[in-house]
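The structure appears below as C-alpha cells.
Letters A, B, ... are given to chains in the order of the sequence lines, protein chains preceding strands, and every chain is numbered from 1.
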There are 2 protein chains.
Amino acid sequence: MLTYAGHMSTPTLLPLAETEVCRAPLTRQPLDAEQAVDLARLLKALADPARLRLLSIVAASEGQQACVCDLTEPVGLSQPTISHHLKVLMEAGFLSRSKRGTWAYYALVPGALDSVATVLVTA
Amino acid sequence: MLTYAGHMSTPTLLPLAETEVCRAPLTRQPLDAEQAVDLARLLKALADPARLRLLSIVAASEGQQACVCDLTEPVGLSQPTISHHLKVLMEAGFLSRSKRGTWAYYALVPGALDSVATVLVTA
DNA sequence: CCACAATATCGACAGATGTCAATGTTGACT
DNA sequence: AGTCAACATTGACATCTGTCGATATTGTGG
C-alpha cells in the first residue's frame with residue numbers, strides 16, 4: 001500500500017526491507033549466504049548513530065514525518081551528510097520520501113523496523 | 001547470572017549488550033547522542049554476513065554452542081577471520097566463550113539479541 | 001526572468017573494516 | 001621433552017564509510 005500525499009519518490013533500488021519480511025528468526029536455522037547478505041545490508045543501514053537518531057526523530061515527529069531542515073540541527077551534522085544518511089535509510093526501505101514544494105518530508109515505512117526485529121528475536 | 005561449565009573468559013571490555021537492555025523502542029522518543037552510539041555499536045557487530053551466519057550456526061547447534069573448527073568450513077572463511085568475527089560478537093555481548101581443552105566453544109548469550117530486537121520494534 | 005531557499009549530488013579525504021598469510025600460544029598425547 | 005592440533009594475535013592490504021565543502025538541481029516568490 002503505502003500511498004502518500006505529495007510526489008512519492010520512486011527509489012531506483014528495490015526496497016530491501018520488503019524482500020526480507022517473511023523470514024524466521026535467525027536462531028531457528030542457519031542462514032544461507034544470500035539471506036545473510038540481505039539481512040546484513042539492512043543492519044548496516046541501521047548501524048550508525050546519526051541514522052538511528054534520524055529514525056527516532058522522524059518517528060517522534062508530528063505525523064511521523066520530518067523535513068531535512070528539521071533534522072540538520074538536532075543531529076549536528078552538515079546538510080549534505082544528513083541527506084546522505086536519509087538516502088541510505090531510504091534505499092534500505094526504512095524511510096520514504098514525499099516532496100511538497102521545496103521541502104522533502106521523510107517518514108517511517110510501517111513495519112520495516114519490525115521485520116528486522118522479528119528476525120533478530122530468539123523466541 | 002550466566003554461569004557456564006568450563007573456564008569462562010572474562011572479556012576485557014564491558015559486555016555492551018547489557019548496558020543497553022532497558023531502553024524503550026527508539027520510535028517512542030528521540031535517542032540522545034550517547035544512546036545512539038551504544039545501539040549503533042551493537043548493530044555494527046551484527047551487520048556483517050559472516051557474523052550473522054556464525055550466530056545462526058551457533059544457535060542451531062547442539063546445546064547452542066559450537067567450536068571454531070565447526071564454524072570455519074560452513075562459513076567459508078579462513079580460521080583467523082572466523083576468530084576475528086567471533087571476537088567482535090563476544091565484545092558486543094552476543095556470544096560467550098568457554099574453553100574445554102584445546103577447543104573453544106562459543107555460545108549465544110541469552111537475551112542479547114532480544115534486547116536489540118526490543119529497541120527496534122515499533123509498537 | 002531573477003534571486004533565493006531547500007535538497008541533492010559530487011569530489012575528496014581520513015579513518016574504519018574485512019580478509020588473509022604468517023606467527024604466537026596453549027593444551028593434549030606419546 | 002617434543003610434536004601436533006586448535007585457536008588467537010599480528011601485520012599488511014584493499015575496500016568501504018562518514019564527513020565536509022563546493023556545486024548542481026528544483027521549486028517559490030517577487
Side-chain angles (χ1 to χ4, degrees), chain A residues 5-13 33 36-37 40-55 58 65-92 95-107, chain B residues 6-13 33 36-37 39-55 58 65-92 95-107:
Chain A
H7 172 257
M8 189 65 185
S9 75
T10 58
T12 58
L13 300 181
V37 169
R41 215 191 311 263
L42 296 180
L43 290 169
K44 264 183 218 298
L46 297 177
D48 180 272
R51 290 197 284 272
L52 289 173
R53 298 192 72 186
L54 288 172
L55 281 178
V58 167
Q65 59 179 14
C67 65
V68 180
C69 56
D70 295 333
L71 298 167
T72 305
E73 182 269 338
V75 177
L77 294 172
S78 72
Q79 174 266 318
T81 300
I82 297 292
S83 280
H84 162 67
H85 286 309
L86 292 170
K87 185 181 184 181
V88 170
L89 289 170
M90 253 197 50
E91 290 179 344
L95 287 182
S96 62
R97 182 180 67 172
S98 63
K99 221 170 170 191
R100 286 204 298 275
T102 314
W103 289 266
Y105 284 86
Y106 286 86
Chain B
H7 171 258
M8 189 65 184
S9 75
T10 58
T12 58
L13 300 180
V37 169
L39 180 53
R41 215 192 310 262
L42 295 179
L43 290 169
K44 262 183 219 295
L46 296 177
D48 179 273
R51 290 197 285 271
L52 290 173
R53 298 192 72 189
L54 287 172
L55 281 177
V58 167
Q65 58 177 15
C67 65
V68 180
C69 56
D70 295 333
L71 298 168
T72 305
E73 182 269 339
V75 177
L77 294 172
S78 73
Q79 174 265 316
T81 301
I82 297 292
S83 280
H84 163 67
H85 286 309
L86 291 170
K87 184 181 185 181
V88 170
L89 289 170
M90 251 197 51
E91 289 179 345
L95 287 183
S96 62
R97 183 178 66 171
S98 62
K99 221 171 169 188
R100 287 205 296 276
T102 314
W103 287 266
Y105 284 86
Y106 286 86

What is the distance, to the nearest angstrom, from the CG atom on B/L77 to the P atom on C/dT17? 17 Å

Pairs under 3.5 angstrom, nitrogen or oxygen only, protein versus nucleotides 8-12 of chain D, please.
residue	atom	partner	partner atom	Å
D/dA8	OP1	B/R97	NH1	2.7
D/dA8	OP1	B/Y106	OH	2.5
D/dA8	OP2	B/S83	OG	2.4
D/dA8	N7	B/Q79	NE2	2.7
D/dA8	N6	B/Q79	OE1	3.3

What's the CZ-P distance between A/R41 and D/dC16, to the nearest Å? 13 Å

In whole angstrom, give the distance that lies between atom CG of A/D48 and atom C1' of D/dT17. 9 Å

Nearest-Å distance for atom pair CG/C1', residues B/L54 and C/dG18: 13 Å

Hey, does B/L55 have a side-chain heavy atom less than 4.5 Å from the side chain of B/L46? yes

Using atom types as modelled and distance alone, determine if a side-chain donor or acceptor of A/R51 lies under 3.5 Å from a backbone N or O of A/V88. no

From B/S78 atom OG to B/H84 atom NE2, the distance as rounded to the nearest 0.5 Å: 10.5 Å

Could you tell me whether B/R97 sits above the aromatic face of B/Y105, with NZ or CZ closer than 6.0 angstrom to the six-membered ring centre and within 45 degrees of the axis? no

Please tell me if the side chains of B/V58 and B/L89 come closer than 4.5 Å, counting only heavy atoms from C-beta onward. no

If I take atom CG in residue B/L71 and atom P in nucleotide D/dA6, what distance separates them, rounded to the nearest angstrom? 14 Å

N/O to N/O distances under 3.5 Å, protein versus nucleotides 28-30 of chain C:
none

Figure out the CZ/C1' separation between A/R51 and D/dG18, and round it to whole Å. 8 Å

The reported gap from CG in A/D48 to NZ in B/K44 (rounded to nearest 0.5 angstrom) is 5.0 Å

Value in whole Å for how far the C1' atom of C/dT7 lies from NE2 of A/H85: 16 Å

Search all heavy atoms of B/L95 against all heavy atoms of B/M90 and return the closest pair with its distance. O-CG, 3.2 Å

Is A/Y106 close to A/V68 at the side-chain level, that is, under 4.5 Å between some pair of heavy atoms? yes

Take the protein atom CG of A/L43 and the nucleotide atom P of C/dT17, then report the distance between them rounded to whole Å. 15 Å

I need the B/C69 SG to B/I82 CD1 distance, nearest 0.5 Å. 11.5 Å

